[in-house]
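Read through the structure below, which is laid out as structure tokens, and then see the notes.
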Amino acid sequence: MRLSRFLLPVLKETPSEAQIVSHRLMLRAGMLRQEAAGIYAWLPLGFRVLKRIEQIVREEMDRAGAVEMLMPTLQLADLWRESGRYDAYGPEMLRITDRHERQLLYGPTNEEMITEIFRAYVKSYKALPLNLYHIQWKFRDEQRPRFGVMRGREFLMKDAYSFDLDEAGAQRSYKRMFVAYLRTFARMGLTAIPMRAETGPIGGDLSHEFIVLAETGESVVYCDKRVLDLPIPDETVDYAGDLTSIVEEWGGRYYAATEDVHDAALFEQTPEDQRLQTRGIEVGQVFYFGEKYAIPMKVTVTNPDGVERPIHGGSYGVGVSRLLGAIIEASHDDAGIIWPDAVAPFGVGIVNLRVGDSDVDLACETAYAQLQAAGLDPLYDDTDERPGGKFATMDLIGLPWQLIIGPKGLKEGTVELKRRATGQKRSLPIAEALAELMAR
Ligand code: ATP
Ligand code: MG
């Protein structure tokens, strides 16, 4: 992409409405535009990161055996009357009436709808286990939308729903999602700790929130520091096998709980120097809720003996749009964002220090073509802004690499390669710089 043909409305000033660093940086880097309280337009740079994050979530869900689909944002109120949640959900639900006076709502979550879909098609245990998911916009009329994408009203969520014949099967489904979440967040460069949690309006018996530790987080959390060093399962993890040991290691070996379920006496069994009380950002939550929706919504399947049984369910959410904020909170410096390679909006930025100088232009164009052909997705700053402004913009938008090409270096046949995360800059021949980038 040529910067001259892109829309990147970076701000020089710090926007006063933004209270936390990720919100400030997303506005300054031209990723986001507020259209109403808690409702944002995703500008091209923000949209690219959102898509990268969404794709990682998708790949790990697919790997764990979940099946993607797409449900609508609008739902019939009657569906929610069946489960009893229409009245219980309260003012967070955006209720809508259409021209025929039919009552609708903008979905805050999809347990009812997926249960209705499942009920329509699945009658036998032979189709189980089944895990269906979608990545769709949700609306919750939050009392206090704030911190940008962290607590929006309209936000993008991945939500998965598992169906099993019995509790043992449902526990296996829960463990698959638990392990998939460990992998998902780690791939984005995040350390997200599963913590025992309250089940809230989703309901149910067992739940973990996945929390990224950050001073700006809205949740108060307590954990044993040793949980931070546990190993992430690699991509050979066998989702068909028994995942109990991984889940017990992450979920049971060390203390980790949110404030709602915190047990001070139990926490005191953790050695004092390992105890950590801090704040965190909830990036995902997994629930096992058993027959909670199956019973009121009459969802049964026949078991191997021909007897009809209510299914056992679970649901599993990831805050896809909130993750942008969480990643920036975890990875930035005074100059701007530092994107982990896996979610960066572009792989490398090419900085032309003298547009109009034919040697520099040619070197930049050649590098641009080659990096593009190699699939590195370069952003080429071909604008006529001054070098200082170009450097500041590149640091602000946080691409992992910068390839800086100017007349002085070129006379000696060199360019500069900068790694955003470390700030390390090296002069080297252009062919070597390109080869190094392409080897990644
Ligand atoms: P919170 O406690 O932060 O309000 P929740 O527990 O109500 O969230 P869930 O129903 O567990 O949310 O939704 C799944 C995920 O969606 C959450 O883990 C979170 O990452 C994300 N999420 C929830 N509400 C919002 C919001 N208002 N804005 C952005 N992301 C959100
Ligand atoms: Mg939650």
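If you read the sequence from its start, that first residue is 1, and numbering goes on from there.
Side chains of T300 and E308: a donor-acceptor N/O pair is present below 3.5 angstrom, by distance only. Inspection of the D395 and Q402 side chains reveals an N or O donor paired with an N or O acceptor under 3.5 Å. Looking at R85 and Y293, their side chains do bring a donor and an acceptor atom within 3.5 Å of each other. Side chains of H262 and Y255: a donor on one and an acceptor on the other come within 3.5 Å. With no hydrogens or angles considered, a side-chain donor-acceptor pair links S315 and E111 at under 3.5 Å. With no hydrogens or angles considered, a side-chain donor-acceptor pair links T216 and E329 at under 3.5 Å. No hydrogens or angles considered: a donor-acceptor pair under 3.5 Å links the side chains of S207 and Q285. For the residue pair E154 and Y106, a side-chain donor N or O sits within less than 3.5 Å of a side-chain acceptor on the partner.
Between the CD atom in Q370 and the CE atom in M438 there is a gap of 4.5 Å [rounded to 0.5 Å]. In this structure, the separation between CG on L230 and CG on D224 is 9.0 Å, given to the nearest 0.5 Å. Rounding to the nearest 0.5 angstrom, the gap separating the CZ atom in R309 from the CG atom in D164 is 13.0 Å. R119 contributes atom CZ, which lies 11.0 Å from atom CD1 of I311 (distance to the nearest 0.5 angstrom). A distance of 9.5 Å separates CD in Q75 from CG in L104, rounded to the nearest 0.5 Å. Distance CH2/W339 to CD1/I327: 6.0 Å, rounded to 0.5 Å.
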Quick one: do K126 and V301 satisfy side chain to side chain contact (heavy atoms under 4.5 Å, CB included)? Show the steps, please. CA-CA 9 Å; K126 289 180 190 158; V301 291; over 6 Å; no

Given the rule in the side chain to side chain donor-acceptor pair (under 3.5 Å) test, do N110 and Y133 qualify, once you have shown the distances and angles that lead to the verdict? CA-CA 10 Å; N110 282 65; Y133 78 99; over 6 Å; no

Please determine whether side chain to side chain contact (heavy atoms under 4.5 Å, CB included) holds for the pair Y89 and L105, giving the CA-CA distance in whole Å, both sets of side-chain angles, and the decisive distance to 0.1 Å. CA-CA 11 Å; Y89 213 92; L105 57 100; over 6 Å; no

Applying side chain to side chain contact (heavy atoms under 4.5 Å, CB included) to E142 and E92, what does each step give before you reach the verdict? CA-CA 6 Å; E142 300 275 356; E92 266 191 23; 3.9 Å; yes

Using the rule given for side chain to side chain donor-acceptor pair (under 3.5 Å), can you reason through K175 versus T244, listing the C-alpha separation, both sets of side-chain angles and the distance that settles it, and then say yes or no? CA-CA 7 Å; K175 288 172 188 164; T244 307; 3.1 Å; yes

Walk me through it: do D382 and L3 pass the test side chain to side chain contact (heavy atoms under 4.5 Å, CB included)? CA-CA 6 Å; D382 59 344; L3 187 52; 4.1 Å; yes

Run the side chain to side chain donor-acceptor pair (under 3.5 Å) test on E112 and S83 for me, step by step, so that the C-alpha distance in whole Å, both residues' side-chain angles and the decisive distance to 0.1 Å come before the verdict. CA-CA 7 Å; E112 283 77 1; S83 71; 2.5 Å; yes

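A pairwise comparison of heavy atoms in L376 and L437 identifies CD2-O, 3.6 Å as the closest pair. Residues A197 and T258 come closest through the heavy atom pair CA-OG1, 3.8 Å. Listed here is the closest heavy atom pair of Q274 and T270: CB-CG2, 3.9 Å. For Y161 against T109, the heavy-atom pair with the smallest separation is OH-OG1, 3.7 Å. Closest approach of R183 and I232 over heavy atoms only: CA-CG2, 4.2 Å. Taking every heavy atom of both residues into account, E291 and P296 meet most closely at O-CD, 4.2 Å.
The number of heavy-atom neighbours closer than 6.0 Å to CZ of R279, taken from other residues, nucleotides and ligands shown, is above 12. Atom NZ of K298 sits in a sparse spot, with 12 or fewer heavy atoms from other residues, nucleotides or ligands closer than 6.0 Å. Counting heavy atoms of neighbouring residues, nucleotides and ligands inside a 6.0 Å radius, atom CD of E17 exceeds 12 of them. No more than 12 heavy atoms of other residues, nucleotides or ligands shown are found within 6.0 angstrom of CD on Q143.
Geometrically, R419 engages W401 in a cation-pi contact, judged by NZ or CZ lying under 6.0 Å from the ring centre and within 45° of the ring axis. Both cation-pi conditions hold for R95 and Y86: the charged atom is under 6.0 angstrom from the six-membered ring centre and inside a 45 degree cone around its axis.
Note: H312 and Y288 have parallel aromatic rings, judged against thresholds of 30 and 60 degrees for the angle between ring planes. Ring planes of Y174 and H208: tilted class, angle from 30 to 60°.
Side-chain contact between N352 and D381: absent, with no pair of heavy atoms (C-beta onward) separated by less than 4.5 Å. Residues E209 and V221 form no side-chain contact, since every pair of their non-hydrogen atoms from C-beta on lies 4.5 Å or further apart. Side-chain contact check for L371 versus L403: some heavy-atom pair is nearer than 4.5 Å. Counting only heavy atoms from C-beta outward, the side chains of D159 and I114 never approach each other to under 4.5 Å. D263 has its side chain out of reach of Y222: every pair of non-hydrogen atoms, C-beta onward, lies at least 4.5 Å apart. Two residues are said to be in side-chain contact when any heavy atoms from C-beta on lie closer than 4.5 Å; L399 and P345 meet this criterion. Proximity of V179 to V247: side-chain heavy atoms (C-beta onward) are separated by under 4.5 Å at one or more points. Taking the side chain as every heavy atom from C-beta outward, P129 and R176 approach each other to under 4.5 Å.
Although no hydrogens or angles enter the test, the distance criterion places a donor-acceptor pair under 3.5 Å between the side chain of D98 and the main chain of H100. Distance alone, capped at 3.5 Å, places no donor-acceptor pair between the R322 side chain and the V149 backbone. With hydrogens and angles disregarded, no donor-acceptor distance shorter than 3.5 Å links the side chain of K138 to the backbone of K158. The main-chain N or O of P231 is found under 3.5 Å from a side-chain atom of W250 such that the two form a donor-acceptor pair. Although no hydrogens or angles enter the test, the distance criterion places a donor-acceptor pair under 3.5 Å between the side chain of R275 and the main chain of E268. H23 places no side-chain N or O within 3.5 Å of a backbone atom of A18 that could act as its donor or acceptor partner. In this structure a side-chain-to-backbone donor-acceptor pair under 3.5 Å is present from D333 to G336. No donor-acceptor distance shorter than 3.5 angstrom exists from the side chain of Y40 to the backbone of F155, with no hydrogens or angles considered.
Of the charged side-chain nitrogens involved, at least one lies within less than 4.0 Å of a carboxylate oxygen, so that R81 and D78 count as a salt-bridged pair. Salt bridge status for R144 with E218: absent, with no side-chain N to carboxylate O gap under 4.0 Å. The pair R52-D341 fails the salt-bridge criterion, with no side-chain N (NZ, NE, NH1 or NH2) lying under 4.0 Å from an Asp/Glu carboxylate O.
F178 and F210 have their aromatic ring centers within a separation under 6.0 angstrom.
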